[in-house]
Amino acid sequence: MEERRLGPVVGLGTWNTFGGDAVVAREVVGASLAEGVRVVDSSPMYGGAEASLGAALEGRRDAVTVATKIWAPSVDEGKAQLADQLRWFGRVELEQVHNLVSWREHLPWLEGEREAGRIGRIGVTHWDPSAFGELVRALAGGRFEAVQVPLNPLERECEREVLPLAAELGLPVIVMRPLGAGSLLRRPPPPAELEPLRPFGVADWPQALLKWALSDERVDLVIPATRDAAHARANAAAGTPPWLGPEERRLVERLARG
Ligand SMILES: NC(=O)c1ccc[n+]([C@@H]2O[C@H](COP(=O)([O-])OP(=O)(O)OC[C@H]3O[C@@H](n4cnc5c(N)ncnc54)[C@H](OP(=O)(O)O)[C@@H]3O)[C@@H](O)[C@H]2O)c1
């Protein structure tokens, strides 16, 4: 995390997948790490996911960068969240202000925590394009060191302002919802349609979507979530070159529109 670029790589998201289920977490985290995943993303919002992730990382904590979040209206609550995270993870390499909640209040004490070495970088996230104006203002202040936004062929609003600003500022970009929270997988295209993507190492539709996002050179990391170890292995395999060119990306966009 000390250098600017994280990737392009595939990480692992944890929203709505294993929650407090430490057994599923151990399986999915194990499968991901075995396939080379080295970043995991969580949040106090994810119903016990941080605790089960912490347990799943026992004995292999050093293998990953932990990206998690502060999701708290008040500084006191935020500090209590960090105290829990330090128990689970020892250190947080990327601490993100979740959905910009009270970001002006959280920045100063988080900077103190960074100074003390308990957290690495400070980042910020938002899922909703209607908040991207505020997100851009927050980034322009120059105090955030990473940004997380949704990006997939049907959710591209971040391309207008957030990605160009991140590139200008040299900020790592983390992509949430690369599979549209599963909505883009409901009616996958027939396998024959993916034929032109096979030379790029794409074996299935989720991999096509993950590679589509990683092939934007401003993107560092995609963090698909899954509670299925086989899915985790397949997703991790999308994190290696060759990357898609403009023609292949347009094909994925057309297939996503159905
Ligand atoms: N505001 C924020 O900061 C924010 C907001 C949203 C998300 N995030 C982060 O971004 C991460 C990713 O976003 P997301 O969880 O909303 O959505 P996502 O990763 O786009 O999609 C997750 C869904 O895709 C399915 N899936 C994953 N891999 C698959 C595969 N290979 N084959 C078939 N199905 C597959 C999963 O089901 P299975 O379990 O069946 O595989 C799950 O239902 C989150 O987990 C979270 O860490 C952050």
Side-chain angles (χ1 to χ4, degrees), residues 9-19 21 24-25 27-29 31-32 35 37 39-50 52-53 64-72 81 92 94-103 106 122-132 134-135 138 144 146-158 162 173-189 191 194 202-214 219-239 256:
V9 289
V10 174
L12 177 68
T14 62
W15 179 58
N16 254 351
T17 44
F18 39 79
D21 191 333
V24 173
E27 244 178 63
V28 171
V29 169
S32 300
E35 294 302 314
V37 163
V39 187
V40 288
D41 178 82
S42 197
S43 170
M45 189 207 259
Y46 301 163
E50 288 181 306
S52 49
L53 178 61
V64 292
T65 288
V66 169
T68 190
K69 311 192 185 88
I70 297 297
W71 182 57
Q81 290 177 353
V92 173
L94 173 59
E95 189 69 275
Q96 302 156 102
V97 178
H98 197 146
N99 287 346
L100 285 163
V101 174
S102 302
W103 65 274
H106 290 311
I122 302 170
V124 62
T125 81
H126 215 295
W127 65 275
D128 183 352
S130 72
F132 284 178
E134 188 181 354
L135 185 59
F144 287 108
V147 61
Q148 183 179 149
V149 281
L151 179 65
N152 61 58
L154 300 188
E155 289 181 276
R156 304 184 63 171
E157 292 87 350
C158 70
V162 179
V173 172
I174 302 171
V175 165
M176 63 172 80
R177 299 173 53 85
L179 308 171
S183 65
L184 289 168
L185 307 177
R186 279 187 206 121
R187 287 190 314 274
L194 301 180
V202 170
D204 62 18
W205 180 231
Q207 287 184 346
L209 293 164
L210 297 174
K211 259 210 164 153
W212 178 89
L214 285 175
V219 168
D220 289 87
L221 176 67
V222 295
I223 47 169
T226 180
R227 52 179 294 115
D228 180 315
H231 290 173
R233 278 189 284 274
N235 293 346

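Whatever order the structure lists ligands and atoms in, that order sets their numbers, starting from 1. Throughout, numbering of the chain's residues begins at 1 and tracks the sequence.
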What part of [X], side chain from CB on, backbone N/CA/C/O, both or neither, has a heavy atom under 4.0 Å from ligand 1?
X: Leu185; value: side chain
X: Gln207; value: neither
X: Gln96; value: neither
X: Leu179; value: both
X: Ile223; value: both
X: Ala225; value: both
X: Thr14; value: backbone

Whether Trp71 side chain and Gln81 backbone form a donor-acceptor pair below 3.5 Å: no
Donor-acceptor pair, side chain of Glu35 and main chain of Ala237, under 3.5 angstrom: no
N or O pair under 3.5 Å between Trp15 and ligand 1: yes
Min heavy-atom dist Trp205 to ligand 1 below 4.0 Å: no
Taking atom 13 (O) of ligand 1 as the reference point, the nearest protein heavy atom with its distance: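 Result: Arg177 N, 3.1 Å.
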Taking atom 3 (O) of ligand 1 as the reference point, the nearest protein heavy atom with its distance: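 Ranking protein heavy atoms by distance from atom 3 (O) of ligand 1, first comes Thr125 OG1, 2.9 Å.
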Where ligand 1 meets Gly182 - atom numbers and elements under 4.0 angstrom, heavy-atom basis: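 Listed by number with element, the hits are 21 (O), 23 (C), 24 (O).
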Side-chain H-bond candidate by donor/acceptor type, Ser130 with Asp128, under 3.5 Å: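 Yes, because at least one side-chain N or O of Ser130 sits under 3.5 Å from a partner of the opposite role on Asp128.
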Residue selection (non-hydrogen contact nearest atom 46 (C) of ligand 1) among Tyr46, Trp127, Trp71: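 It is Tyr46 whose heavy atom sits nearest to atom 46 (C) of ligand 1.
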Min side-chain heavy-atom separation Asp41-Lys69 under 4.5 Å: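 Of all side-chain heavy-atom pairs linking Lys69 with Asp41, at least one is under 4.5 Å.
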